[in-house]
Amino acid sequence: MQAQHVRQIEAEYVTPLLGLVEALAEGVLLRLANGKIIYANEAAARILGTTRGALLDAALPPIIKTLLNDQGRRMPRRDWPDNRALRTGERVRDQILGLVNARDHSVRWLVVTCQPLSADGAASPHSVMISFEDVTEVREARRRVRYLATHDSLTGLLNRGAFEERMNTALLRVTRRGGQFALLYIDLDRFKAINDSLGHTLGDSLLQHLARRFEKIVGSSGQLARWGGDEFLVLLDDAATALALAQRLIEAAGEPCEIDSLLLSIGASIGIALAPEHGTDTATLLRHADTAMYRAKEHGRRQVEVFNPAMNAHLERRARLDACLRQALDRNELSLLYQPVIDLRSLEMTGVEALLRWHSPELGEIAPSEFIPLAEDSGLIVPIGEWAMRAVFAQAAEWQAIQAAQSAALHPGDVMRLPLRVALNVSARQLLWSDLANTVERALEATGVLPRRLEFELTESLLLQDSTTLARNIARLRAMGIELAIDDFGTGYASLSYLLRFPISTLKIDQSFIRRVPDDPDAMSIAEAIVAMSSALGLRCIAEGVETREQFDFLRMVDCDAIQGFLVASPLDARQISERLTTPNGGRVTIESGE
Ligand SMILES: Nc1nc2c(ncn2[C@@H]2O[C@H](COP(=O)(O)OP(=O)(O)OP(=O)(O)O)[C@@H](O)[C@H]2O)c(=O)[nH]1
């Protein structure tokens, strides 16, 4: 009767239940306390990548050798959930495990529940029911989402949010436990020019290359992130090594990388802020590192600067200057002075250099050395330069008319004066501006000045740039008849190749050499060599910053063509230049005797 009852229960309940377990998508195993598996459903074999036979045959199937915990660390066997359930008699629920495939070491992630089974009144379980689900794809998707949320998609480096989190952790550490860390703010130099001239895709590749290089240098000494655009950040635990690391990063950026068979290299400027000295919250530290980076840019780029509080005052002034400069053109605050260029043989004024001046009602007189770099950085140099160009052309046209009237009134035996050449400084930004030549043409037409009366002064460093816009602008200016001079010659690269490549007509010896005459023999040799080189290349040579009779005599002796400087004339306004042009001696200067 009892046996019949058991068979009835088996038929009515157990068999359908087993059928249900067979059909489950979850894997189910029944394991005895001695380790032997006595039941495995189809899903268990599929998930474990084996056969049911293989699972049931062995005491411990070879497929189950190594398990990892949720953090990916190997678990000792006694901590495996089935062993724990058997040992404690308690159910283990929803434990995440990584099952390492013994053949190819791939990992399948499982969520495992283990239910111990005991006979009535028994002290310990005789077996354990193990059910598990494969969550590898879910886990991978979650990992991917987490990765995307914390990494920059272009470079694979940490992104802003993730980096800020790490900074917060580091800040908590130093404020609670003491110590120090450094924040390095890296900004590539003139990256926009790469994008503009070679395209955004190539710019992207350069960012990726640099990210790999920076990663190698930073290694495990800190955390590297892309902050956005062409900016990277490093959080460095050992603040004492920050300067050396920054130098290595700058060098790495400067090493050429080959992209699309082009060799590209770029500068990087780096600002460093130290925690906790320069800030105890992320925003302040970032701002201060950024300020220091800005200073590095101002100091010529490819440099490192460590923040100091005086930089803030500087930055505030810069911001005020910038705001005022934006209105300076509209408010008519800019003006031009003209410094005479005197021919060293005739002592006649043969030219003038136009010099920009800014008088701000709020800030007073601002030196060009302060506002021109600012205007260059903000791009304001383009409208300011255009305004200056029109004003100078108009003024040059007026002097042209004065001299034309003088020529018409010449009597036989009168000395004909040379046409006054008017020089104008043109910045890199203007020359790399695609519309420059058209603007010049329009200004020439509007004012009627003859192009040969005009000279554009360029800096050496500009001519080293390999830009088609630059080459096209220079060719068009020369085709119009405008002359080109190199300003501050000798301070930069003094590369002969560009002197031959570009149609230059004048070299202006930098005043730093002239100032050292006659005390510094090296400076004198350089000045003399520049004069000799100009003569050999058929170029005019002008010495700037001549202030003493000794300098004058020296330059005359080495046969320099012309000079500029307080000894012969300080900058004058246009009216004073007109007066000089109309004086009977034609503005000829007299040099006091040196004795
Ligand atoms: N290729 C590329 N360019 C980007 C990306 N994000 C921002 N940029 C460009 O990066 C340039 C950053 O220029 P800035 O840092 O302002 O200026 P810069 O030319 O580097 O000059 P300085 O910083 O003053 O030396 C801008 O032209 C942005 O359009 C990007 O993901 N890929």
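When a ligand or atom number is given, it counts from 1 through the structure's own listing order. Residues take their numbers from the sequence shown, with the count starting at 1. Remember, predicted model here, so these are calculated numbers, not experimental data.
- Between Val440 and Phe393 the shortest heavy-atom distance is O-CE2, 3.9 Å.
- Electrostatic pairing of Arg442 and Asp435 counts as a salt bridge here, judged by a charged N lying under 4.0 Å from a carboxylate O.
- A heavy-atom cutoff of 4.0 Å around ligand 1 is satisfied by the protein residues Asp187, Leu188, Asp189, Arg190, Phe191, Lys192, Asn195, His200, Gly203, Asp204, Leu207, Arg226, Gly229, Asp230, Lys297, Arg301.
- A distance-only check finds a donor-acceptor pair linking the side chain of Thr447 to the backbone of Ala443 [under 3.5 Å].
- Relative orientation of the Phe307 and His288 rings is parallel, given thresholds of 30° and 60° on the angle between their planes.
- The closest side-chain heavy-atom distance from Glu370 to Leu321 is below 4.5 Å.
- The only member of Arg302, Arg301, Lys297 that meets salt bridge (Lys or Arg N to Asp or Glu O under 4.0 Å) when paired with Asp187 is Lys297.
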